[in-house]
Amino acid sequence: MKDIARQRLGINVEAMDLLNSQIKMEAHASATYLAMASWCEQNGFFTSAKFFYAQTEEERGHMMKIFKFLVDVGGNPISPEIGNINHDYASIVDVFETTLDHEIAVTKSIHNIVIKARSLGDITTERFLDWFVLEQVEEENTIRDILDMIEVTGTEGVGQQMIDNQINNWID
Ligand code: FEO
């Protein structure tokens with residue numbers, strides 16, 4: 001990026017670089033949830049597939065929210081290259097446990113950017129990320145509730161299909 005453009009940037013340049021990494025992380029999450037939808041479709045978990053179709057859209061929404069913020073502050077949002085999408089899961093439990101791992105990683109990443117923005121005195125970026133901090137509370141809570149339901153239902157016999165049916169409770 002040219003120096004003159006960096007001077008016109010409304011946020012700290014280090015924060016912008018971190019937000020570009022976050023764009024990539026959200027895009028990776030979106031692609032991962034689409035792969036999970038594919039796995040669910042192929043393994044007969046049709047309600048869970050619907051859940052992941054919604055999640056993939058949500059993550060793209062998160063990505064675009066950051067992208068547009070960088071546009072608004074005169075930055076240089078980067079359309080991310082993503083690869084390495086896992087399509088292979090051992091079970092429906094594995095799918096949701098992996099989802100929780102992803103969400104925890106996203107939360108940590110957002111918190112790190114908030115901490116960095118604060119240390120840089122970049123109030124604009126810090127305030128922008130408020131929404132994401134609270135969104136992550138909701139997302140982690142949803143997946144933890146689903147994992148609790150899975151534990152109570154159990155995976156023996158018709159358990160797996162019962163799990164799938166109950167996922168409907170978490171589809172808006
Ligand atoms: Fe955008 Fe679920 O992290």
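Because only heavy atoms are used, hydrogens play no part in the values below, and waters and symmetry mates are left out as well, while side chains stay in. Whatever order the structure lists ligands and atoms in, that order sets their numbers, starting from 1. This is a predicted model, so every value here is computed, not measured.
Distances from atom 1 (Fe) of ligand 1 to the N/O/S atoms of His62 are shortest for ND1. Nearest N/O/S atom of Glu26 with respect to atom 1 (Fe) of ligand 1 is recorded as OE1.
Not one N, O or S atom of Glu139 sits under 2.8 Å from atom 1 (Fe) of ligand 1. Counting backbone and side-chain atoms alike, Glu103 contributes an N/O/S atom closer than 2.8 Å to atom 2 (Fe) of ligand 1. Checking Glu59 against atom 1 (Fe) of ligand 1, an N/O/S atom falls under the 2.8 Å cut-off.
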For this session: List the steps and the verdict of side chain to side chain donor-acceptor pair (under 3.5 Å) for Gln22 and Glu26.
Result: CA-CA 6 Å; Gln22 193 61 37; Glu26 303 290 345; 3.0 Å; yes

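The aromatic rings of Trp39 and Tyr89 lie perpendicular to each other, with more than 60° between the two planes, well past the 30° mark. Taking the six-membered ring for Trp and thresholds of 30 and 60 degrees, His102 and Tyr33 have ring planes more than 60 degrees apart, a perpendicular arrangement.
Of all heavy-atom pairs between Asp164 and Gly44, the closest is OD2-O, 4.1 Å.
Proximity of Ile92 to Asn43: side-chain heavy atoms (C-beta onward) are nowhere separated by under 4.5 Å.
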